[in-house]
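Computed over heavy atoms, backbone and side chain alike; hydrogens, waters and symmetry mates excluded.
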Amino acid sequence: MSFCYDNDKVQDVALAKSFGGRPSFSQMNDYISKTISGITCGSRFSGQTHGNLLKSCTNLVCFPRLHFFSVAYAPLNANQIDENNPIVNTIQKKEHYLTDINIQKGRILTTSGVFRGNYSPIQIPLDFERLKAEQPEKFVQWISLNHYNTYCDVLDNSNTDSVTHVVNHTGIVQLIQKNLDKFNSMFKRKAFLASFSNIGMDEMEFVEAQYNSKDLVAEYQQYAEAK
């Protein structure tokens, strides 16, 4: 499993919380550490339902190559806590993602939520199903049960109820394509190639990685359009 973060997006999230001031590296790393802590808390603490990375992998990876996940976290600050608005709705908003993808483009294949605090294992799945019914265009319809949730009683260091949301979203192709374009620009000029050749790597290994990335983009697009 690959959990994808985007430096620019993490900085934007930290910038929004710092109210216009320049965010520090510790603020940016805080969000990343909270999501990693959330992803692994099922293996470290007991809860209402026990979860671990193996279960998450089984439920998130619907096809072997499609294992690149976007990560979101809520609430970003205490002002975003709204008891009248289900947390399932809040976590779907773009500003909560630490991966720079357009969630309006593409569709969700599978999701996994780690709910830390006072959350109902009965109500949360109902909220997910309601969301799928209200916004069917955001989800692939040929995977009937595509969300898996873990509930943990132990709070993170913010001492508030929180949720870490891991999404296998076809919109991740935007991030893959952006990195591929930057790679192509440098590889065309053979920039830094000598450094890798000196440690035994062959130029064809980079060509193979280039083609693998293109195939991955095509595969994600294939399942985004599948009905």
Review point. Does CD1 belonging to Ile122 count more than 12 external heavy atoms closer than 6.0 Å?
Key: no

Check your understanding: For Ile124 and Asn149, which heavy atoms make the closest approach, and how far apart are they?
Key -> CG2-ND2, 3.7 Å

Practice item. Indicate, with yes or no, if Tyr211 and Phe187 share a hydrophobic cluster defined by side-chain heavy-atom contacts under 4.5 Å among Ile, Leu, Val, Met, Phe, Trp and Tyr. Key: yes

Review point. Which heavy-atom pair separates Thr90 from Ala74 by the least distance, and what is that distance?
Key: CG2-CB, 4.3 Å

**Study point:** ILVMFWY network linking Phe68 to Leu180, side-chain heavy atoms under 4.5 angstrom
**Key:** no

Review point. Quick one: CD on Glu219 to CG on Asn212, what's the gap to the nearest 0.5 Å?
Key: 11.0 Å

Check your understanding: Between the main-chain N or O of Ser37 and the side-chain N or O of Arg44, is there a donor-acceptor pair closer than 3.5 Å?
Key -> yes

Practice item. I would like to know whether Val13 and Glu95 meet side-chain contact (heavy atoms from CB on, under 4.5 Å); could you show each step before the answer? Key: CA-CA 7 Å; Val13 171; Glu95 57 264 28; over 6 Å; no

Review point. CD1 of Ile172 to CG of Leu216: how many Å apart, nearest 0.5 Å?
Key: 9.5 Å

Review point. Phe115 vs Phe128 aromatic rings, parallel, tilted or perpendicular, using cut-offs 30° and 60°?
Key: perpendicular

Review point. So if you build clusters from Ile, Leu, Val, Met, Phe, Trp, Tyr with side-chain heavy-atom gaps below 4.5 Å, do Val217 and Phe206 land together?
Key: no

Exercise for review: With sequence neighbours left out, write down each residue that passes salt bridge (Lys or Arg N to Asp or Glu O under 4.0 Å) with Asp156, or none if nothing qualifies.
Suggested key: none

**Study point:** Which atom of Asn102 lies closest to which atom of His169, heavy atoms considered
**Key:** O-CE1, 4.4 Å

Point to revise | Lys55 to Tyr148 - nearest heavy-atom pair and separation | key: CD-OH, 3.2 Å

Point to revise | Atom NZ of Lys178: over 12 foreign heavy atoms under 6.0 Å | key: yes

Check your understanding: Under 6.0 Å from the six-membered ring centre of Tyr97 and within 45° of its axis: does the NZ or CZ of Lys94 meet both?
Key -> no

Review point. Any chain of hydrophobic side-chain contacts (each under 4.5 Å) joining Ile36 to Phe69?
Key: yes

Review point. Any luck finding a side-chain donor-acceptor pair between Tyr151 and Ser120 under 3.5 Å?
Key: no

Exercise for review: Write down the atom of Thr35, the atom of Ile32, and the distance for their closest heavy-atom approach.
Suggested key: OG1-O, 2.7 Å

Practice item. Establish whether Val114 and Leu98 are linked, either directly or via other cluster members, by ILVMFWY side-chain heavy-atom contacts under 4.5 Å. Key: no

Point to revise | For the student: nearest non-hydrogen atoms of Ile143 and Lys132, plus distance | key: O-NZ, 4.1 Å

Review point. Is the backbone N or O of Cys4 less than 3.5 Å from a side-chain atom of Thr99, with the two atoms forming a donor-acceptor pair by type?
Key: yes

Review point. How many angstroms lie between CG in Leu66 and OG1 in Thr110, if you round to the nearest 0.5 Å?
Key: 9.0 Å

Review point. Any donor and acceptor pair, going by atom type alone, linking the side chain of Gln92 with main-chain N or O of Asn89 inside 3.5 Å?
Key: no

Review point. Do the side chain of His165 and the main chain of Ile91 share a donor and acceptor less than 3.5 angstrom apart?
Key: no

Practice item. Spell out, as yes or no, whether a donor-acceptor pair under 3.5 Å connects the side chain of Asp100 to the backbone of Asp6. Key: no

Review point. Does a salt bridge link Arg107 with Glu225, judged by any charged N lying under 4.0 Å from a carboxylate O?
Key: no

Review point. Above 12 or not: heavy atoms from other molecules or residues under 6.0 Å from CG of Asp181?
Key: yes

Output side-chain donor-acceptor pairs under 3.5 Å for residues 192-201, partner residues at least two apart or in another chain, one line each.
{"unit_1": "Ser197", "atom_1": "OG", "unit_2": "Leu193", "atom_2": "O", "d": "3.1"}
{"unit_1": "Asn198", "atom_1": "ND2", "unit_2": "Ala194", "atom_2": "O", "d": "3.1"}

Check your understanding: Without hydrogens or angle criteria, can the side chains of Gln123 and Asp127 be said to hold a donor-acceptor pair below 3.5 Å?
Key -> yes

Check your understanding: Counting distance only, does the side-chain N/O of Ser33 pair as donor-acceptor with the main-chain N or O of Asp30 below 3.5 Å?
Key -> yes

